[in-house]
Visitor: 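Below: one structure in structure tokens.
For clarity, every value in this text was computed on a predicted model and none was experimentally measured. Atoms considered below: every heavy atom in the structure, side chains included; atoms not considered: hydrogens, waters and symmetry mates.
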Amino acid sequence: MQTCLSFFCLLLSTVCLAQPLADSARSLSSENDILRCKHLKKGLYRTFEEFRTNSPTSISEFELVKTNDLHSNRAIQLVFKNPKALRESEKNIWGICDGDSIYINSLHYQNDFHLDALLHLGRYGYLESKITGRAAALRADGIPVYKPAEMQAGRVRSSLFEYYAGYILNLNNGKFYQLNEDALEKILSQDLALLSKYRREDKRGSPRERQDLRYRYLRLYSEQHSEEVK
């Protein structure tokens, strides 16, 4: 009888101990998932995998400084507090987190380095990046129209343009591409009800309003299809 009682107590203690360990394991797993973690870890991401697993590797002390230069892509500057700290190569930075927000290296989708805030994180992430330059005109959706031969010959006068382009981050493969009508419809084609609703929307607004509309539907799809994240 005493042996049976001892065995029962041992079994009960094992079960009670296993539950906290299981809870701890689940908590650890969620903290290593950028979508499910409760706290973003501060640091530099060198790869998409480090971003995806909420595990930046750099411990260099830094701060993000916002400037007043509204006409520059470098409105957010990365500054190291320790002047002797080894500065990261621009090409080796996938992104950065200050503990509250995530910023992406623009070299993933543009030709120059600056940091853009990630505005939405889900099945498809979303960010916007300022583009400035000269072109013959802007299309109705805000995209610049270039006519190099005519501009060179002086038949078309160029003008300075500035707009914010929207970019998508595919959370399953780390690839970036511009959020335009074709890209959005390709995504929404996997949800015919949402695609049909989008096609019924009035798209006669300004370029900014149309971009906001595309972003809204991208976010709706992302939120309704979170199970697609691998």
Visitor: Could you walk me through whether Asn32 and Thr53 satisfy the side-chain hydrogen bond (donor to acceptor under 3.5 Å, both in side chains) test, starting with their C-alpha distance in whole Å, then the side-chain angles of each, then the deciding distance to 0.1 Å, before giving a yes or no?
Guide: CA-CA 5 Å; Asn32 290 334; Thr53 56; over 6 Å; no
Visitor: Check the hydrophobic clustering (I, L, V, M, F, W, Y; side-chain heavy atoms under 4.5 Å; chains of links allowed) and say if Phe176 and Tyr215 are grouped together.
Guide: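 Looking at the clustering, Tyr215 is in a separate group from Phe176.
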Visitor: Can Glu181 and Arg214 be counted as an ion pair, charged N to O under 4.0 angstrom?
Guide: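 Yes, Glu181 and Arg214 are salt-bridged.
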Visitor: If we only count heavy atoms from C-beta on, is the His114 to Asp116 side-chain gap below 4.5 Å?
Guide: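 Yes. Closest side-chain heavy atoms under 4.5 Å.
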Visitor: Restricting to non-hydrogen atoms, name the atom on Ser196 and the atom on Arg200 that form the minimum distance, rounded to 0.1 Å.
Guide: OG-NH1, 2.8 Å
Visitor: My understanding is that only residues two or more places apart in sequence, or in another chain, count here; which of them pass side-chain hydrogen bond (donor to acceptor under 3.5 Å, both in side chains) with Gln224?
Guide: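 side-chain hydrogen bond (donor to acceptor under 3.5 Å, both in side chains) check on Gln224 returns nothing, list empty.
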Visitor: Kindly determine whether Lys42 and Asp100 satisfy salt bridge (Lys or Arg N to Asp or Glu O under 4.0 Å), including the steps that lead there.
Guide: CA-CA 8 Å; Lys42 180 179 179 179; Asp100 295 313; over 6 Å; no
Visitor: Salt bridge or not for Glu201 and Lys197, using N-O below 4.0 Å?
Guide: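 Judged by the 4.0 Å cut-off on N to carboxylate O distance, Glu201 and Lys197 do not form a salt bridge.
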Visitor: What I'd like to find out is whether the side chain of Pro56 reaches to under 4.5 Å of the side chain of Leu44, using heavy atoms alone.
Guide: no
Visitor: How far apart are the closest heavy atoms of Tyr124 and Ser222, and which atoms are they?
Guide: N-OG, 3.1 Å
Visitor: Could you tell me whether Lys186 sits above the aromatic face of Tyr177, with NZ or CZ closer than 6.0 angstrom to the six-membered ring centre and within 45 degrees of the axis?
Guide: no
Visitor: How are the rings of Trp94 and Tyr45 set relative to one another: parallel (under 30°), tilted (30 to 60°) or perpendicular (over 60°)?
Guide: perpendicular
Visitor: Identify whether NZ of Lys or CZ of Arg in Lys175 sits under 6.0 Å from the centre of the six-membered ring of Tyr109 and within 45° of that ring's axis.
Guide: no
Visitor: Quick one: does Cys37's side chain get under 4.5 Å of Glu31's, heavy atoms only?
Guide: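 They are in side-chain contact.
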Visitor: Compare every heavy atom of Ile34 with every heavy atom of Leu121, then report the nearest pair and how far apart it is.
Guide: CD2-O, 3.6 Å
Visitor: Taking Glu128 first and then Arg208, would you say they form a salt bridge - that is, a charged N and a carboxylate O separated by under 4.0 Å?
Guide: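 Counted as a salt bridge, because a side-chain N and a carboxylate O are separated by less than 4.0 Å.
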Visitor: May I ask you to test the Ile168-Ile187 pair for a side-chain heavy-atom distance under 4.5 Å?
Guide: yes
Visitor: Check the angle between the aromatic planes of His225 and Tyr221 and answer parallel, tilted or perpendicular using the 30° and 60° thresholds.
Guide: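 Correct class here is parallel.
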Visitor: Could you tell me whether the side chains of Thr57 and Arg46 share a donor-acceptor contact shorter than 3.5 Å?
Guide: yes
Visitor: Count I, L, V, M, F, W, Y as connected when their side-chain heavy atoms are under 4.5 Å apart, and connections chain through other members. Are Ile102 and Leu171 then in the same cluster?
Guide: yes
Visitor: Closest heavy-atom contact between Tyr198 and Glu185?
Guide: CE2-OE2, 4.2 Å
